[in-house]
Amino acid sequence: MADSAALYRTVRLIRRFEERAVELVRAKQIFGGIHPCTGQEAIAAGTCAALRRDDVITSTHRGHGHVLAKGADPARMMAELAGRATGLNRGRGGSMHAADFTVGVLGANAIVGAAAPIATGAAWAARRAGSDRVALTYFGDGAVSQGVVLEAFNLAALWRAPVIFVCENNGWATTTRTADHAAGSITGRAEAFGIPAARVDGMDPEAVLAATAEAVARARGGAGPTLLECLTYRFDAHHTWEHTARPRYRTPEEVEAGRARDPLAVQGARIPVADRARIDADVEQLMDAAVRFALDAPLPDPATALDHLYADGTRVRAGAA
Amino acid sequence: MTILSYLKALNRAITDEMERDPTVCVFGEDVRAAVTNVTAGLVKRFGAERVLDMPISEQAFTGVATGAALSGQRPLIEYQIPALLFLAFEQIVNQAHKFSLMTGGQTRVPVTYLVPSSGSRDGWAGQHSDHPYSLFAHVGVKTAVPATPADAYGLLVTALRDDDPVVVFAPAGAMGRREDVDPAALAPVPLGVGRIHRPGTDVTVVAVGHLVHDALEVAEELSGTISVEVFDPRTLHPFDWQGLAASLERTGRLVVVDDSNRSCGIGGEILATAAEQMRLTAPPKRVTRPDGAVLPFAEELDRALQPSRDQLRTAIQTVAKAGGFR
Ligand SMILES: Cc1ncc(C[n+]2csc(CCOP(=O)(O)OP(=O)(O)O)c2C)c(N)n1
Ligand SMILES: [Mg+2]
């Protein structure tokens, strides 16, 4: 199990990765933009610390933290964001689809809620294959009224599938407050299907780790799914387009209050100052190398744009002939 | 005259219709804060009762719009992403669209489905870059793809007044267009009536949505050698077959540029109908996305799969010089 320093390191890595990625968006080195997970790092760090390398996760549009915490190489992740041939997905996926099957990342997903049944299926298949692997799926508060998520709860509960549902409740779905889009409670949705559910301090990596470890033990032991509602706050924009468009839906006071508890500070306070400085310096080096790797990496060849469309390499007609 | 942007045209169409008809209401995600800007100012002007922020429950709120339409309201739904149409497909195609016939004409379903920024939107990758207008034309839902601000205004107004479900695609590639218009001349544009943006005598280019502007540029470039007529169908279902036939009477040669996937895209239907029923003096061509394309993330890969001006130019040149049918 991860120690305090390792958890701090993951939080720090995600934080710096996001800050560097935002800089690359501003510099137009990242095409489009990203949904930064700044402020929400404790959930990724704590949950993944409770998983084995062969366990699997699915992620969301705000997924960089999950992918990094599960063990993907930050350099190849950054190269993916920069649309390079050496990125995790060979430049085909970008920020919202980062996947690394070598470390159990079945993919981030750009459709809210869509991954919950996919993780449930992966969990079912692991058990069917005789493995004690578990699946863990992230989604935001905005996903809890998506029918497919509730349908996945039902299937997971019926089959006692070894899946952990992790809701990152950051209080907002884009510009809509949780209270304005979700009736009842989030934990109550799971409980209605007989799924044990808990609210967790999503700003504290160790609290998240403890709750996830319990849920993982239950899943591996054959007792079925758990829902963890992790309470957190998104420090930055919904998406980097907000940096220029600046829609007003959160007051500066709210943002300031939301940022008051910072997972970096929460976890940083638990380790000696010298260790913290050493980790920070390591992460800085790692991120410098990651950005350099990404920007030096080759662009994909347009002639390969349809590669990987089909498993068997089936070729299709071009758009002009 | 004043400058009208495409975005403002959509906003104005909704505002004017809400002003005119108290049953018009707006459903969507983040429509009060207006993250797409299409619904800017609406909640302030018309109140929260008529401008509803929806949970991320596309199937449900699409069905809710159908129920409301059966009961006297005229909802407009804004979908933030073209792929959300896939989530709501059952509710649109199998529910809203089928009510009129299945009830023997007892009811109508006046719902408008608006997709601002359809097609590739620079860096949003595989699940956000589809352009599924041909799917809706195929199943028979009325489908509009305006190319210009004035047409965006006119077609959206018409969609809101229409008694059937209508899907309006506002292509990402057209959303930035601006045009000098006489505000008093802004008017509804009927469904099923195309528009000739540029008359010509050698080749007819049918261009859909944002590709109209590419077609106009290519037509201008080629003007010294080939006289290109640019025909914008404006709506894909119903389609202005008469207008196309009249154009082909003049040119006898046809190129279609269409941001659909090639197989079963509207471009194929246009070529087939022209071949069956219209005057063609040479084999026609189409420029589309590849069969079954999924747009990859990286810019150069994304661009490689969308119809390009180069491809269109080559297709026009080929069709212009092609010998007649043997
Ligand atoms: C099914 C679906 N509907 C709408 C969207 C557009 N969208 C992207 S993120 C988002 C808000 C998601 O909120 P939440 O689940 O709370 O996650 P957060 O962004 O807060 O991390 C919306 C509406 C989408 N991607 N998928
Ligand atoms: Mg949220």
Side-chain angles (χ1 to χ4, degrees), chain A residues 30-34 80-85 87 89-97 109-114 140 142-148 173-176 180-183 238-239 241-242 245 247-249 299-310 315-321, chain B residues 29-35 37 40 53-60 80-81 83-84 86-87 121-129 257-263 265 267 285-308 310-312 314-315:
Chain A
I30 291 177
F31 186 43
I34 63 169
E80 185 57 33
L81 267 51
R84 305 301 169 125
N89 308 32
R90 304 180 169 98
R92 270 69 179 170
S95 166
M96 287 200 292
H97 301 293
N109 203 304
I111 300 301
V112 170
V144 304
S145 298
Q146 188 63 280
V148 75
T174 314
T175 68
T176 309
D180 294 332
H181 70 67
H238 170 68
H239 181 269
W241 60 253
E242 267 183 36
R248 273 186 299 272
Y249 56 93
L299 293 168
D301 174 359
T304 66
L306 279 170
D307 283 9
H308 317 293
L309 181 58
Y310 295 102
R315 302 307 296 185
V316 298
R317 295 176 301 169
Chain B
E29 287 151 19
D30 309 292
V31 290
R32 289 183 184 154
V35 296
N37 279 317
D53 269 346
M54 289 291 169
I56 306 176
S57 304
E58 288 82 7
Q59 274 217 66
Q80 287 181 352
I81 311 165
L84 301 187
F86 300 149
L87 276 83
R121 33 164 98 166
D122 290 0
W124 288 78
Q127 290 178 338
H128 278 44
S129 301
V257 57
D258 163 26
D259 197 26
S260 301
N261 292 346
R262 193 168 188 84
S263 179
K285 277 199 172 294
R286 62 189 146 144
V287 176
T288 61
R289 293 186 183 189
D291 284 342
V294 175
L295 290 197
F297 163 70
E299 185 170 10
E300 37 290 292
L301 301 179
D302 168 292
R303 297 292 186 265
L305 299 190
Q306 292 180 68
S308 70
D310 283 345
Q311 291 170 332
L312 178 59
T314 306

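Residue numbers start from 1 in every chain, and the chains themselves are labelled A, B, ... in the order their sequence lines are given, proteins ahead of strands.
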Discussion item. Is B/Ala315 in contact with chain A via its backbone, its side chain, both, or neither, using a 4.5 Å heavy-atom distance?
Written reply: neither

Worksheet item: With a 4.5 Å limit on heavy-atom distance, are the side chains of B/Pro290 and A/Arg317 in contact?
Response: no

Worksheet item: Side chain, backbone, both or neither: which part of A/Ala318 has an atom under 4.5 Å from a heavy atom of chain B?
Response: backbone

Discussion item. Could you tell me if B/Gln59 and A/Gln146 have a donor-acceptor pair between their side chains, going purely by distance under 3.5 Å?
Written reply: no

Worksheet entry | Interface moiety of B/Arg121 toward chain A, non-hydrogen atoms closer than 4.5 Å | neither

Item to complete: Under 4.5 Å heavy-atom distance to chain B, tell me which part of A/Leu81 shows up: side chain, backbone, both or neither.
Response: backbone

Fill in: Heavy-atom proximity to chain A below 4.5 Å, by part of B/Leu305
side chain

Discussion item. Is B/Ala298 in contact with chain A via its backbone, its side chain, both, or neither, using a 4.5 Å heavy-atom distance?
Written reply: both

Worksheet item: Could you state the interatomic distance from CZ (A/Arg315) to CG (B/Asp291), rounded to the nearest 0.5 Å?
Response: 11.5 Å

Worksheet, complete the sentence: Honestly, the part of B/Leu87 sitting under 4.5 Å from a heavy atom of chain A is side chain

Discussion item. Please classify the contact of B/Thr314 with chain A as side chain, backbone, both or neither, using a heavy-atom distance under 4.5 Å.
Written reply: neither

Item to complete: Below 4.5 Å from any heavy atom of chain B, which atoms of A/Leu299 appear? Answer side chain, backbone, both or neither.
Response: side chain

Worksheet, complete the sentence: Note: vs chain B, highest number of non-hydrogen pairs under 4.5 angstrom among A/Ala303, A/Ala143, A/Ala114, A/Gly91 is A/Gly91

Item to complete: Give a yes or no answer on whether the side chain of B/Arg289 reaches the backbone of A/Gly319 with a donor-acceptor pair at less than 3.5 Å.
Response: no

Item to complete: May I ask you to test the B/Met54-A/His181 pair for a side-chain heavy-atom distance under 4.5 Å?
Response: no

Discussion item. Can you tell me how far apart NE2 (A/His97) and CH2 (B/Trp124) are? Round to the nearest 0.5 Å.
Written reply: 10.5 Å

Worksheet entry | Spacing of B/Glu58 atom CD and A/Ile111 atom CD1 [to the nearest 0.5 Å] | 8.0 Å

Worksheet entry | Main-chain N/O of B/Ile56 paired to A/Ser145 side chain as donor or acceptor, under 3.5 Å | no

Practice prompt. For A/Thr174 and B/Val35, run side-chain contact (heavy atoms from CB on, under 4.5 Å): C-alpha distance rounded to whole Å, both residues' side-chain angles, the deciding distance at 0.1 Å, then the answer.
Written response: CA-CA 9 Å; A/Thr174 314; B/Val35 296; 4.0 Å; yes

Discussion item. Can you tell me how far apart CG (A/Leu306) and CG (B/Leu301) are? Round to the nearest 0.5 Å.
Written reply: 9.5 Å

Worksheet item: When heavy-atom pairs shorter than 4.5 Å are enumerated against chain B, which of A/Thr176, A/Thr304, A/Val144 gives the highest number?
Response: A/Thr176

Fill in: Interchain contact, B/Asp122 with chain A, by part (heavy-atom threshold 4.5 Å)
both

Worksheet item: In terms of heavy-atom proximity below 4.5 Å to chain B, should A/Asp301 be classed as side chain, backbone, both, or neither?
Response: backbone

Worksheet item: Under 3.5 Å, side chain of B/Asp30 to main-chain N/O of A/Thr175, donor-acceptor pair present?
Response: yes

Fill in: Residue pair B/Ala304 / A/Ala305: nearest heavy atoms and the distance that separates them
CB-CB, 4.0 Å

Item to complete: Find the one option among B/Gln311, B/Arg286, B/Glu299 whose heavy-atom pairs under 4.5 Å with chain A are most numerous.
Response: B/Glu299

Worksheet item: Between A/Phe31 and B/Phe297, how do the two ring planes meet: parallel, tilted or perpendicular, split at 30° and 60°?
Response: tilted

Fill in: Donor-acceptor pair, side chain of B/Gln127 and main chain of A/Ala110, under 3.5 angstrom
yes

Item to complete: Would you indicate whether the side-chain heavy atoms of B/Arg303 and A/Pro302 approach each other to under 4.5 Å?
Response: no

